[in-house]
Amino acid sequence: MSDMYTPKASDRFTFGLWTVGNIGRDPFGDPVRNPIDPVYSVHKLAELGAWGVSLHDDDLVPFDATPQERDGIVREFRKALDETGLVVPMATTNLFHHPIFKDGAFTSSDKEVRAFALRKTMAAIDLGVEVGVSTYVFWGGREGAETDAYRNPADAVKWFREAINYLSEYVLDQGYGIRFALEPKPNEPRGDLYLPTVGHALHFISTLDHPDMVGVNPELAHETMAGLNFVHAVAQALEAGKLFHIDLNDQQPGRYDQDFRFASENPKRAFFLIKLLEDSGYDGPLHFDAHPYRTEDEEGVWAFARGCMRSYLVLKEKVRRFHADPEITALLAELRERDNAYGGPEASAGYTSDGAAALRQQTFDIEDMAQRGRRYEELDQLVMELLLGAR
Ligand code: GLT
Ligand code: MN
Ligand code: MN
């Protein structure tokens with residue numbers, strides 16, 4: 001069956017190999033699904049209408065593979081990409097699974113571990129470039145602590161910076177022409193992670209040697225875990241020109257990292273997110289970093305993947321209808337007209353001492369300003385009725 005919500009390559013949907021390949025292990029239970037061969041995932045995702053896949057080095061090439069094994073695996077994988085037309089816009093390093101990273105990778109207190117993490121990442125960047133990536137993600141899953149009794153957290157930030165600076169130079173030295181995207185998360189698997197939110201990451205980027213090469217990869221679940229509004233985080237990243245990539249999924253606040261199917265928990269938030277992305281002209285990958293429920297077999301995995309993409313397209317259509325809805329557009333126009341009626345001195349004109357003097361002299365009708373209703377109840381209800389299918 002195909003309808004207007006059937007995804008196609010031009011929709012730019014991508015999935016991590018680790019998402020559809022998630023075997024449903026959790027801290028309390030063993031895997032419930034068999035591992036899926038990346039080559040098979042590539043074919044299945046292409047069939048479902050995805051545009052690309054992303055990967056950790058270890059998703060494709062096992063940690064202990066020999067160079068010959070590695071080359072064979074990469075050859076087969078590239079063959080699958082050629083056959084299907086799927087692309088790999090993003091890759092990343094697994095710096096969290098192996099026991100050596102138990103106290104961090106770039107921020108490990110152990111200097112030798114920090115050096116190994118750097119070398120592993122260089123090799124993973126080489127692999128990413130070999131499969132055609134343009135963005136390289138850094139998620140510091142183990143970059144954090146349960147206790148601050150030993151490591152000074154400021155040293156951790158410094159080591160993190162040194163690693164990103166080093167790897168930026170590596171990329172420049174190799175002439176790779178790729179960009180980095182930092183992915184914040186407040187906690188899990190560590191008690192607390194460094195660079196916990198998009199805001200922290202944005203400031204950190206401004207302290208780097210090559211800030212232009214580095215942006216963010218915000219994840220809906222992660223900001224939501226921190227109790228924050230993901231749409232606002234993405235807006236700030238966009239406004240700073242730093243939205244290099246995005247991880248779409250869903251999440252209830254105050255829970256473990258649920259990584260639910262996109263829009264399955266809070267479709268209204270997802271609607272405002274899509275509205276922001278589409279209205280801003282974001283043209284990067286729409287990357288799903290979510291997991292099928294642990295209850296699912298393989299069929300459920302593909303239903304999950306299809307569901308992520310369909311929900312995006314359904315809500316994108318709602319965004320189109322929002323902009324075309326006569327009642328909504330009339331209300332917006334009315335509000336805007338009144339909001340912009342003021343013609344006196346203001347911040348957008350920039351500061352001049354004459355302007356500031358004029359502002360001091362400006363007469364404001366405080367009573368009238370205080371009385372103005374915002375009509376957001378009306379507007380939000382129109383949005384709700386649109387989402388609920390009543391208009
Ligand atoms: C891991 C994490 C994700 C990150 C991935 C990239 S791995 O699944 O939960 O949020 O994006 O390292
Ligand atoms: Mn993620
Ligand atoms: Mn997550």
Side-chain angles (χ1 to χ4, degrees), residues 14-27 31 35-36 38 41 52-60 63 88-98 101 104-106 117 120-121 124-125 127-128 133 135-144 160 163-164 167 180-190 193-198 201 215-228 230 233-234 237 243-266 273 284-294 304 308:
T14 64
F15 286 84
L17 284 180
W18 68 91
T19 63
V20 290
N22 182 276
I23 54 177
R25 184 191 289 120
D26 75 14
I36 301 183
S41 289
V53 287
S54 61
L55 51 94
H56 297 92
D57 48 355
D58 300 352
D59 297 340
L60 187 61
F63 186 86
V88 186
M90 178 275 263
T92 181
T93 329
N94 186 327
L95 294 173
F96 44 88
H97 195 80
H98 198 282
F101 300 126
F106 299 147
K120 187 175 195 289
T121 306
I125 291 175
L127 171 67
V133 307
T135 306
Y136 201 85
V137 161
F138 293 84
W139 173 64
R142 297 282 170 196
E143 317 291 9
F160 214 142
I164 300 294
L167 293 165
F180 290 168
L182 308 181
E183 179 176 341
K185 187 174 181 183
N187 60 277
E188 203 192 314
R190 300 307 297 271
L193 293 176
Y194 307 124
L195 303 187
T197 70
V198 169
V216 288
N217 176 41
E219 175 172 316
L220 196 155
H222 299 176
E223 299 298 300
T224 307
M225 286 169 75
L228 299 174
F230 185 63
V234 171
L243 189 71
F244 286 9
H245 200 266
I246 191 163
D247 276 2
L248 304 170
N249 53 18
D250 217 341
Q251 172 80 28
Q252 293 183 44
R255 304 279 170 100
Y256 68 96
D257 187 15
Q258 294 175 305
D259 288 331
F260 283 152
R261 189 178 75 256
F262 180 63
S264 59
E265 272 303 325
N266 191 341
L273 175 65
L286 296 167
H287 180 246
F288 297 106
D289 183 10
H291 298 157
Y293 299 144
R294 190 165 177 272
F304 147 88
C308 284

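Both counts, for ligands and for their atoms, begin at 1 and track the order of listing.
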**Asked** Taking the N/O/S atoms of Glu183 one by one, which is nearest to the Mn ion (ligand 2)?
**Response** OE2
**Asked** How far apart are the closest heavy atoms of Leu193 and Gly141, and which atoms are they?
**Response** CD2-O, 3.2 Å
**Message:** I need the nearest protein heavy-atom contact for atom 3 (C) of ligand 1: residue, atom name and distance, please.
**Reply:** Asp289 OD2, 2.9 Å
**Request:** Could you pull out the atom name of the N/O/S atom in Asp247 that is nearest the Mn ion (ligand 2)?
**Result:** OD2
**Request:** Give the atoms of ligand 1, by number and element, whose distance to some non-hydrogen atom of Asp247 is under 4.0 Å.
**Result:** 11 (O)
**Asked** What do the steps show when you test Phe138 against Leu195 for side chain to side chain contact (heavy atoms under 4.5 Å, CB included), and what is the final call?
**Response** CA-CA 11 Å; Phe138 293 84; Leu195 303 187; over 6 Å; no
**Complete:** shortest atom 9 (O) of ligand 1-to-protein heavy-atom contact is with Asp257 OD2, 3.7 Å
**Asked** Taking all atoms of both residues into account, what is the closest heavy-atom pair of Pro184 and Leu182, and its distance?
**Response** CD-O, 3.5 Å
**Asked** If you look at Glu219, which of its N/O/S atoms is nearest to the Mn ion (ligand 2)?
**Response** OE1
**Prompt:** Without hydrogens or angle criteria, can the side chains of Asp289 and Asn249 be said to hold a donor-acceptor pair below 3.5 Å?
**Reply:** no
**Test applied, ring-ring contact (aromatic ring centres under 6.0 Å, His included); reference residue, Trp18; option that passes from His97, His291, His287** = His287
**Fill in**
atom 8 (O) of ligand 1 sits nearest the protein heavy atom Trp18 NE1, 3.4 Å
**Request:** Answer with yes or no whether Val137 contacts ligand 1, where contact means a heavy atom under 4.0 Å from a ligand atom.
**Result:** no
**Message:** Within the structure provided, determine whether Asp257 and His222 are in side-chain contact (heavy-atom separation under 4.5 Å).
**Reply:** yes
**Complete:** Numbered in order shown, the ligand 1 atoms found under 4.0 Å of a heavy atom of His222 are 10 (O)
**Request:** Quick one: look up the protein heavy atom nearest atom 11 (O) of ligand 1 and list residue, atom name and how far away it is.
**Result:** Glu183 OE1, 2.6 Å
**Message:** Between ligand 1 and Asn217, is the shortest N or O to N or O distance under 3.5 Å?
**Reply:** no
**Fill in**
Per side chain to side chain donor-acceptor pair (under 3.5 Å), Lys120 is matched among Asn94, Asp57, Thr93 by Asp57
**Item:** Name, closest N/O/S atom of Asp289 to the Mn ion (ligand 2)
**Value:** OD2
**Request:** Could you check atom 6 (C) of ligand 1 against the protein and tell me its nearest heavy-atom contact, residue, atom and distance included?
**Result:** His56 NE2, 3.2 Å
**Item:** NE2 (His222) to the Mn ion (ligand 3) to OD1 (Asp257) angle, given to the nearest 10 degrees
**Value:** 100°
**Fill in**
Note: Leu167 and Phe106 closest approach over all heavy atoms is CD1-CZ, 3.8 Å
**Distance from atom 1 (C) of ligand 1 to nearest protein heavy atom, with residue and atom** = Trp139 CZ3, 3.6 Å
**Message:** Quick one, Phe96 with Phe101, criterion ring-ring contact (aromatic ring centres under 6.0 Å, His included). Give me CA distance, side-chain angles, the key distance, then yes/no.
**Reply:** CA-CA 6 Å; Phe96 44 88; Phe101 300 126; 8.5 Å; no
**Prompt:** Within Asp259, is some N, O or S atom less than 2.8 Å away from the Mn ion (ligand 2)?
**Reply:** no
**Request:** Scan side-chain atoms only and decide if Asn217 and Asp247 contain a donor-acceptor pair under the 3.5 Å cut-off.
**Result:** yes
